[in-house]
Amino acid sequence: MMELQLGLALPTDTIKGLDLNSYVFDPNKDAARSSRQLIIMNQGMVHPWLSTGTNSAAAAAEDDDFISNHQKRSFYDAFEEIYDMPRTLPLLLWSKQPNEEEDDERNKDHEKSFPSASNKVDGAGDGIVGWPPIKFQRRKISHRSRKSRMENDRRVDNGCADCHGRPSNSMYVKVKMEGVAIGRKIDLSLYNSFQALKHTLLGMFGICQENSSSHKLTFQDSEGDWLLADDVPWRSFIWSVQRLKLIRSSR
Amino acid sequence: MLRMASSFPEEVLEHVFSFIYDDKDRNAISMVCKSWYEIERWCRRRIFVGNCYAVSPPMVIRRFPEVRSVELKGKPHFADFNLVPEGWGGYVYPWIAAMATAYPWLEEIRLKRMVVTDEALELIAKSFKNFKVLVLSSCEGFSTDGLAAIAANCRNLKELDLRESEVDDLSGHWLSHFPDSYTSLVSLNISCLGSEVSFSALERLVGRCPNLRTLRLNRAVPLDRLANILCRAPQLVELGTGTYSAELQPDVFSSLAGAFSGCKELRSLSGFWDAVPGYLPAIYPICPSLTSLNLSYATIRSTDLTKLVSQCQSLQRLWVLDYIEDIGLEALAAFCKDLRELRVFPSEPFAQEPNVSLTEQGLVSVSEGCPKLHSVLYFCRQMTNDALATIARNRPNMTRFRLCIIEPRAPDYITLQPLDDGFGAIVEHCKDLQRLSMAGLLTDRVFEHIGNHAKKLEMLSVAFAGDSDLGLHHVLSGCENLRKLEIRDCPFGDKALLVNAAKLETMRSLWMSSCSVSFGACKLLGQKIPRLNVEVMDERGPPGSRPESCPVEKLYIYRTVAGPRFDMPGFVWTMDEDSALRLS
């Protein structure tokens, strides 16, 4: 395991002329000259603040287990050239030379390289947490549009007493079933109960009626959250549903 | 020089200083010599604290005893997108409590992304006799009861602005707490509130406040009441409508049109929830004098939008949904030659497929046609390097450029290349660029461009970009004026941070989430650099319970002279000298 140890005593094979013990970062004093500070490293030099334990290759290999694949760069590569150090006191010295042969692996493993936190579902279905970057007030806009169009349509039709808010226009939403690659579409305006809807949906995916308890119906609402259809009244469902998904009950 | 400085009587210097308002100038004055520092601190009336944890209330009060106006910001920007867990912090109460005794003559409080409670509002209402301005921008934690306290007690209130705050909306009754004798309202923004306020109370309030300039109503105010309100405030300069939807009725339309025509000073419009095209012509008479138009909640389509913007020849700021489409943006470019700021928001942010014909071409058109355009926020689903380079060449005066492509890591859709060169062109041509948000497929090369060219850049937002620590290193070592850096889902680890550790003290803050910074590196930073607070957020449990090389979920680093804070929830840890002992 790579450990960063902070040693005050410099090893004997260190950089000529660089005495880290006497270096104190003073922005006023150093501003003029720090940009031209040069550090010349010898081949295989090890920064005193890094304890390698064993050798650089082994240390780099252990790195991989915890940090993303394409970061297995060895910072014990020789400094090939003289260059300006940043005007900071680094807690780490590092070659900044990417290893050529790692380029391909870097591109391939791009997707898998992060801790899983970002791919955690935020209740936004297939979505990523906080993406796209819009404030919560802006998440519901297309729902409002559909709702107000529905309301206008309802006023235009004379409306039926038992409609319970059923929109008069067709209302197609996408449906997916867990484990099935191809999704479907269904016109929700033709339904006024979860039972009838679920019956049709299961039929679409070839699940027979006896096995209707094998799957639960979930839907994504206007705020991007996934809810169980049975948990809300039909009226709320219809006003806010964006898409449907059938998931296995065994969960 | 020193002799000259001390030969002026204090009163003269104070008088001279009273003409200096800008914080940076005031700070410069205070550094000239000790006596100027003393004089300046006694006459500074306004302070701005960009991070409420960078300094403590007693420290501020000790240095500046006669403040009249305070502005504080709390949570990091990514809190807007749900990335900062509930309970993180940003509580304003300690500030209000301290200022209640220290600044009895405080007049203005402006807060952004802070947690404000009803207790805090009640304390404000009873502590500051001359209180005039309350702006709560993207705040939360309070209810309409707190607003009632403000309305009832602040006799000299001029401005109450709740923009985009999350309010526990118990009822609309709070508005009726403004006494009948209260007439000093200049600006009221209640657009974020859900519940209905009493319309008659609203009309009477508007009618008795002759200085009312800004009125932003909430969605619950129906369209057929708008005319009455406008007729009582023909002097309005800024108006936010309520719902802009009703059945088309000729009498409602004509009174509305008449009311708008009567508002000769109207320059800014917003609101327009559920807008129906039939009522848009009511505003046509005032369109030519509009400078600011916020249609970002208006779900009208490109034909109507095009007709509308084509009449707004004086427009300087437009916020709109992508329903405007490329064709509407071409009209904007043709007719609105004074445009300075454009924001295009997504109508269907979660849809995979485009629902409108808005592409990179729309933005290119506006960049060509509008010579003063300098501030852009643009959501789209495709982009090319060529388009970005064209925009950069057209608009070297760009100062704020924020692009979001809905699909993360989307490449140039024609060449399938990363968008490195496109953004490279932006930073190369736009030498005064202060704020940049990038999008699409981006490698370390784009960061090299940024480090080399973006010398005036102050704020950078990065998501799903880069290949290695080299990327982060380019930014931290190259961007001399960088103040705020926010990063999510990038393969940046320890090295660039540790190499550039001292840079962090020159910045306001750094946010990194879903990156690869190890707990060990966080501890090291916290221990070695005392004037940084290194906060680790991890909902999996204490970071010490995992290996040191394990990446942390979220990292928020900010400079501070106040030391570590003590109001953190259970999932936030500050790394400092003691933490190594506490957490191991």
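What's counted below: heavy atoms across the whole structure, side chains too, no hydrogens, waters or symmetry copies. Bear in mind that the values here come from a model prediction, so they are computed numbers and not experimental data.
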Visitor: Looking at B:F350 and A:P132, what are the two nearest heavy atoms and their distance?
Guide: CE2-CD, 4.0 Å
Visitor: Which region of B:F78, side chain (C-beta onward) or backbone (N, CA, C, O), has a non-hydrogen atom less than 4.5 Å from a non-hydrogen atom of chain A, or is it both or neither?
Guide: neither
Visitor: How long is the span from the CD1 atom in A:I134 to the CG atom in B:L377, to the nearest 0.5 Å?
Guide: 11.0 Å
Visitor: At what distance, to the nearest 0.5 angstrom, does CD of B:Q352 lie from NZ of A:K174?
Guide: 7.0 Å
Visitor: Which value, rounded to the nearest 0.5 Å, describes the distance between B:E348 atom CD and A:Q242 atom CD?
Guide: 7.0 Å
Visitor: Heavy-atom distance under 4.5 Å to chain A: side chain of B:T506, backbone, both or neither?
Guide: neither
Visitor: Can you tell me which portion of B:L83 sits under 4.5 Å from chain A's heavy atoms? Options are side chain, backbone, both or neither.
Guide: side chain
Visitor: Distance from B:F81 atom CZ to A:I128 atom CD1, nearest 0.5 Å?
Guide: 14.0 Å
Visitor: Under 3.5 Å, side chain of A:Q137 to main-chain N/O of B:E164, donor-acceptor pair present?
Guide: yes
Visitor: Can you tell me which portion of B:I405 sits under 4.5 Å from chain A's heavy atoms? Options are side chain, backbone, both or neither.
Guide: backbone
Visitor: Both conditions, 6.0 Å and 45 degrees, for the charged tip of A:R138 above the ring of B:F379: are they met here?
Guide: no
Visitor: Donor-acceptor check, side chain of B:R488 to backbone of A:G130, threshold 3.5 angstrom: yes or no?
Guide: yes
Visitor: Under 4.5 Å heavy-atom distance to chain A, tell me which part of B:A463 shows up: side chain, backbone, both or neither.
Guide: side chain
Visitor: For B:P349 and A:R139, work out which heavy atoms get closest and say how close.
Guide: CG-O, 4.5 Å
Visitor: So, the side chain of A:W131 versus the backbone of B:E407: is there a donor-acceptor pair under 3.5 Å, distance only?
Guide: no
